[in-house]
J.: 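Quick one: structure below, then a few questions.
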Amino acid sequence: MHRLLPTFIGAAILLSMLAGPSRAQDPVPADAPSRSGGTAVEEGDDFDREFEDDFSDDAGEDGEAVTVADPLEPINRGFFWFNDKLYFYVLKPAVKVFRIVPEPARKSLRNFFSNLLTPIRLGSALLQFKFKDAGTELGRLVINTTIGVGGLFDPAKKHFGMEKKEEDFGQVLGYYGMGPVFYIVLPFLGPSNLRDAAGNAGDSYMNPLSYRYIKTRHELTTTERMVVTAVNQVNSLSLDRETYEMIKRESLDPYVTIRNAYIQNREGKIRE
Amino acid sequence: MNRKLIATLSLFLFTFPLTAATAAATGPQQTVEHMVNTAIDILTDEGLDDRARQDRVRSLVLESVDFRSMSQRILAQNWKQASPEERDRFVQLFIDLLEATYIGRIDEYSNEKVEFARERVKDDRAIVDTFFVTGDAKIPIDYKLLNSGGKWMIFDVSIEEVSLVSNFRETYSEIIRKDGLQGLLEQMETKIEELRTEGSAEK
């Protein structure tokens, strides 16, 4: 029964929007191919795309597999170096201190931020006509804000089976056909590309922490917003199993390994 | 009563190797399932010491993953230009590198579960989609398999859409472009040494 809720809300939104943009008839299906059973390879499946790269005996014949342009590599490597130092000399010690806070409390804090940022995911899902996902996000917001005590807990997932949908404005731009253009490493923020960096700007419009939303007397100052964002980052990092350090230790060229992983992961999310 | 028990037991003993053999000879999803489930059995077997556990995981991986075809796809055009000796050396170094990276970490396993989501087969190729469920996270892990001589073998693994083969290919091709294949092989050797001394220092 609970699974009907997101569908219901989604259907309501769909109906209200049908009169609007004709984009709803886009050949790209609104809901991504679900990972449900079945062996047959369907028409339009990305099976062959996933394989052509690896299976062709000529793989790499005319250069490497499709990858992102990196005209700024020297500068990017400079920022990569900067972020690396930032990680080891600032973030890591901060995370160490932060780990004094018991893990359940840190998880609740992460849930809280995640719930707070729902508008970004909800808005991005809508802009991609992913009504089912938008419905899920809306349902999650309602359930987690109420039963989940202001977002500190995630009963929507635990009891209603509603998984968070990772959507952002970079993916919206990708959905409308924008490629990554080229790779960028941002100071403080890490790997990105031109599209996703533009997407970040879009996200900040939908971010409730942004001043554009809170224009009342509760308006946050720039410093306050930066502190809140930093706390969120350090907290998330404290719950991570040191992925960055692992990659750095094991790769022959961490810069290229991370660039490739970032691009593959983002393009994968856009295809979904 | 006793006779019944023995009859049941013998039935079990005789049929068991048979079912095990047929299971190994079936489809791509069963191949992945067999590997994953056996790995979990090994990792949760309290009766094994670290050494025995590592040995079993190693041979399990070697029988399920086709490292040669993985290497061929990682080196891509460089594979064609490499001599048979260089190819063999790369395959061996690549196995050693993965082993040095991951073998010390198998004891980090703590009750994670694997869900099988989808299997797609087309001719001699297949993709098996799974989810690795750990704590409150659900990580998609997809396996690509190739059927050679009636046996399905894994040759690529994608974690959160990041394909291992594609990732190594890009990193390694840049190194080959700068330092040549010999340079890559040497850097791999150094890295393996590094990881091994680190691994033994931790114990």
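Hydrogens, waters and symmetry mates are skipped; everything else that's a heavy atom, side chains included, is used. Numbers restart at 1 for each chain; the letters A, B, ... are given by sequence-line order, proteins then strands.
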J.: Could you tell me which non-hydrogen atom of A/Leu239 sits nearest to which non-hydrogen atom of A/Arg106, and how far apart they are?
T.: CD1-O, 3.8 Å

J.: Under a 4.5 Å heavy-atom cut-off, does chain A meet the side chain of B/Glu160, its backbone, both or neither?
T.: both

J.: Heavy-atom cut-off 4.5 Å, strictly under: side chain, backbone, both or neither for A/Lys164 against chain B?
T.: neither

J.: Which of parallel (below 30°), tilted (30 to 60°) and perpendicular (above 60°) describes A/Tyr255 and A/Phe80?
T.: perpendicular

J.: For chain B, find which of A/Asp154, A/Asp253, A/Asn265 contributes the most heavy-atom pairs closer than 4.5 angstrom.
T.: A/Asn265

J.: Between A/Gln128 and A/Glu167, is a side-chain hydrogen bond (donor to acceptor under 3.5 Å, both in side chains) present by the stated rule, with each step listed?
T.: CA-CA 9 Å; A/Gln128 296 172 76; A/Glu167 297 293 345; 2.8 Å; yes

J.: Test side-chain hydrogen bond (donor to acceptor under 3.5 Å, both in side chains) on A/Gln171 and A/Asp168; report intermediate values, then the result.
T.: CA-CA 5 Å; A/Gln171 294 181 54; A/Asp168 54 62; 3.2 Å; yes

J.: Where on A/Arg259 is there a heavy atom nearer than 4.5 Å to chain B: the side chain, the backbone, both, or neither?
T.: side chain

J.: Between A/Asn235 and A/Asn232, is the side-chain hydrogen bond (donor to acceptor under 3.5 Å, both in side chains) condition met? List the steps.
T.: CA-CA 5 Å; A/Asn235 183 53; A/Asn232 184 16; 5.3 Å; no

J.: Side chain, backbone, both or neither: which part of A/Lys107 has a non-hydrogen atom closer than 4.5 Å to chain B?
T.: side chain

J.: A/Glu163 versus chain B, heavy atoms under 4.5 Å apart: side chain, backbone, both or neither?
T.: side chain

J.: Let's go through A/Asn111 and A/Asn144 carefully: what are the C-alpha distance in whole Å and the side-chain angles of both, what is the deciding distance for side-chain hydrogen bond (donor to acceptor under 3.5 Å, both in side chains) to 0.1 Å, and is it a yes or a no?
T.: CA-CA 9 Å; A/Asn111 288 342; A/Asn144 287 345; over 6 Å; no

J.: Need one label for B/Tyr172: side chain, backbone, both or neither, based on atoms under 4.5 Å from any heavy atom in chain A.
T.: side chain

